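Predicted, not measured: the structure shown is a model, and the values here were computed from it. Below, chain A is the first sequence line, B the second, and so on; all start at residue 1. In what follows, every heavy atom counts, from backbone to side chain, and hydrogens, waters and symmetry copies are set aside.
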Amino acid sequence: MSLDAEGIAEVLDEIARILELNGENPFKIRAYHNGARFLESLTDDLDELIASGRLAEQPGIGEALADKIAALRRDGRLDFHEKLRASLPAGLLDILTIPGVGPKKTRALWKELGITDIPGLQAACQEGRVATLKGFGEKTQARILDGIRNREAYGKRHLWAAVEPLVETLLKGLRQLPQVRMAEAAGSFRRNRETVGDLDVIVGSDEPRPIMDWFVARPGIAEVTAHGETKSSVRVEGGLQVDLRVVPPAQFFFALHHFTGSKDHNVAMRQRALSMGLSMSEWGLAPRDPGAKPPQAASEREVFAALGLAWVPPELREGHGEIDAAEAGALPDLVSLADLRGAFHNHTTESDGKSTLEQMAAAAEALGWEYLSINDHSRTSAYAGGLEVERLLRQVDAIKALNASGKFKVRILSGSEVDILRDGSLDYPDDILAKLDVVVVSVHAGFTLDEDEQTARLVRALEHPLAHILGHATGRLLLQREPYKVNLAKVIDAAAANGKSIELNAYPRRLDLDWTHWRRAAEKGVLCSINPDAHLADHLAYVRHGVNVARKGWLTKGQVLNTRPLREVLRWLGRR
DNA sequence: GCCGTTTTCGGCCCGACTGTTTTCAGTCG
């Protein structure tokens, strides 16, 4: 079985971890990690890159990695990888995931004590054997035990949307403290990643102590893991780790930039700084020439300006070419929430929604929208109250009547979220689909088809002349369910060729398609629809999360269908 | 393993913290 780009990236990461345990050259290890990051953010078709021989020309990919990637794509396995794997007990890689235990310590545990997995490590700690090892001690042993105990609860990431309320409360509280000059969230949260590992908060102040004391005494804190002058860390109930860093105001914007990351972005920035005779760190820019004056920054814009760059929005800082674009003045003018004039793909009490048609209409009107499309489930999704033809037609009439009543200014569009059946056909006959304003087509079953079958299924649905928008294209549920196997490059090509839109499902647990695919899709001419997939009137506001992801995918207003006024949308839908 | 206004070898981003140490290695972000 062949592997997709993400699967190959996982193998490269694992190779890197094994090389680490073997004490290999750290730069070689980084090359494998870089290769994995390249594959994860790949926007071109991998098969095309391999076939055309252009893979080895990609940044960070040389002949050796190109060969290995091609082999993994073709065979789904790699001799080199399997031999490496066989050289170590499998459990050692798990030990590596314990905080505070890296490759050197793991290797020492293995070679000195014969420990090869986590249960063995736990037992050795409890017997006090680990503390006797050179380089280890009582505290390390206790920390390892804690790490093992907390692995399940603390190891996992958190949905961006679940972290946001905490961020707001925390920043509000911090900004009210008299010692605080500035305070911002940084890290993956600020970069609008769909999930957040831990939360970084940066404060500018000359008086850190009272701020730290306030911070570690917040309600809802399960554990204080560090309490220092410049950094404190807590574990809040629910498992999220929050790190607070306090820096002098003059360093604030350098620190904010540094801790916003990403790592790849920072590496590229430091390389650029070096080429300009400057050394960059979280503390600022230090000239190589000791006589020169270090650049100052009274805003993050000035940090970039010091390196001859336009300000890069945080969500673009993933090392995906944003620095070249900033230098060339070619950064995109990103879509914003205020640009949206309506949304498609929303449910009501007719299927599995919890709000009525009128409640949905009222909520859309309160948001100032011009239109709202109702797309309840189709008949095959019986588990979700999918509508038989008769009930669907009654809903179409009810929507017509509501529009005619003049009760709301917002125009309600009638539609359906039509199941794409296993063979790629749609769940209603064409004469019924033709009566709808908006046909969203989605997969709700048959997740286990192989990649070729699943791809053909989606492509066939996109070729249907009455389909408008492909819903949640990969079916993933963040932190819960993996996407199904599908060749997205081909799906995107099919959408482009047939003039269809692909949805950016804004439901916080979906955010599907993923941000990494939108640049490619938009370049191919595919319009994005930022849809809430609302099952409750309040869920319409989820479009905010969709906008965050669209921005992260470099999308501009012009590339998003529901920024267009009603008249243009109706024309695009083919409804006069 | 990658890469080249220091080009085919010899570099490769930066700093803080922790615990174990007597000056620093390992880990992390």
His257(A)/His265(A) aromatic ring centres below 6.0 Å: yes
Side-chain H-bond candidate by donor/acceptor type, Thr260(A) with Arg190(A), under 3.5 Å: yes
So, is Thr230(A) close to the dC17(B) phosphate, meaning a side-chain N or O under 4.0 Å from OP1 or OP2? yes
I want to verify a distance call: between dG1(B), dG26(B), dG19(B), whose nearest atom is closest to the Thr140(A) side chain? dG19(B)
From the set dC12(B), dG19(B), dG15(B), return the single nucleotide nearest to any side-chain atom of Lys139(A). dG19(B)
With syn defined as a glycosidic angle within 90° of 0 and anti as everything else, classify dT5(B). anti
For dT27(B) and dT20(B), measure between their C1' atoms and round to the nearest Å. 13 Å
Give a yes/no verdict on a cation-pi contact between Arg520(A) and Trp518(A), requiring under 6.0 Å between NZ or CZ and the six-membered ring centre and an angle within 45° of the axis. no
Integer angstrom distance from the C1' of dC2(B) to that of dT7(B): 13 Å
Are side-chain N/O atoms of Asp514(A) and Thr516(A) paired as donor and acceptor at under 3.5 Å? yes
Phosphate contact (dC14(B) OP1 or OP2) by Ser279(A) side-chain N/O below 4.0 Å: yes
Classify the side chain of Asp243(A) versus the base of dG29(B) as yes if they form a donor-acceptor pair under 3.5 Å and no if they do not. no
Taking the same atom, P, in dT23(B) and in dC28(B), what whole-Å distance lies between them? 25 Å
What integer number of Å spans the C1' atoms of dG19(B) and dC12(B)? 29 Å
Between dG1(B) and dT5(B), how many Å separate the two C1' atoms, rounded to a whole number? 24 Å
With sugar-phosphate meaning primed atoms plus P, OP1 and OP2, does Asn34(A) contact a base, only sugar-phosphate, or nothing at under 4.0 Å between heavy atoms? nothing
What is the distance, to the nearest angstrom, from the CD atom on Gln141(A) to the C1' atom on dT18(B)? 16 Å
Find the distance Ile202(A):CD1 to dA16(B):P and express it as a whole number of Å. 14 Å
Of the nucleotides dC12(B), dT27(B), dG1(B), which one has an atom closest to the side chain of Lys28(A)? dG1(B)
Heavy atoms under 4.0 Å, any strand shown: does Lys263(A) hit a base, just sugar-phosphate, or nothing? base
Round to the nearest Å and state the distance from Leu21(A) atom CG to dG26(B) atom P. 13 Å
Gap in Å between the two P atoms, one belonging to dC3(B) and one to dT8(B), rounded: 16 Å
Taking any heavy-atom pair under 4.0 Å as a contact, classify Gln241(A): base, sugar-phosphate, or nothing. nothing
Rounded to whole Å, CZ of Arg30(A) lies from P of dG11(B) at a distance of 15 Å
Assign Leu274(A) to base, sugar-phosphate, or nothing according to its heavy-atom contacts below 4.0 angstrom with the strands shown. sugar-phosphate
Interatomic distance, CD1@Ile29(A) vs CD1@Ile18(A), rounded to 0.5 Å, equals 11.5 Å
Send over the distance from Leu55(A) CG to dC2(B) P, rounded to a whole Å. 10 Å
From C-beta outward on Lys104(A), which listed nucleotide comes closest to its side chain: dG26(B), dC12(B), dG1(B)? dG26(B)
Please report the distance, rounded to the nearest Å, between NZ in Lys105(A) and C1' in dA25(B). 8 Å
Separation of dT27(B) atom C1' from Leu109(A) atom CG, nearest Å, is 14 Å
Using heavy-atom distances to pick each residue's nearest nucleotide on DNA chain B, tell me which of Leu96(A) and Met280(A) is more 5'. Met280(A)
What nucleic acid atoms does Tyr32(A) come within less than 4.0 Å of, heavy atoms only: base, sugar-phosphate, or nothing? sugar-phosphate
Distance between the P atoms of dT21(B) and dA16(B), in whole angstroms? 24 Å
So does Asp493(A) pair up with Lys490(A), basic N to acidic O under 4.0 Å? no
Watson-Crick/G-U partner (both atom distances under 3.5 Å) of dC28(B): dG15(B)
Between Lys68(A) and dG1(B), is there a side-chain N or O to OP1/OP2 distance below 4.0 Å? yes
Please collect all ring pair (Phe, Tyr, Trp, His ring centres under 6.0 Å) contacts where either partner lies in residues 188-208 of chain A, sequence neighbours excluded, each pair once. Trp160(A)-Phe189(A)
Crowded around Asp333(A) CG? As in, over 12 foreign heavy atoms under 6.0 Å? no
Indicate, with a heavy-atom threshold strictly under 4.0 Å, whether Leu12(A) touches base, sugar-phosphate, or nothing. nothing
If each of Gly100(A) and Lys134(A) is mapped to the nucleotide of DNA chain B with the nearest heavy atom, which maps nearer the 5' terminus, i.e. the 5' end? Lys134(A)
Just to be sure I understand the rule, does Pro26(A) reach a base, reach only the sugar-phosphate, or reach nothing, if contact means heavy atoms closer than 4.0 Å? nothing
Could you tell me how far apart Arg143(A) (CZ) and dG26(B) (P) are, to the nearest whole angstrom? 16 Å
Please measure how far the P atom in dC9(B) lies from the corresponding atom in dG15(B), and state the result in whole Å. 31 Å
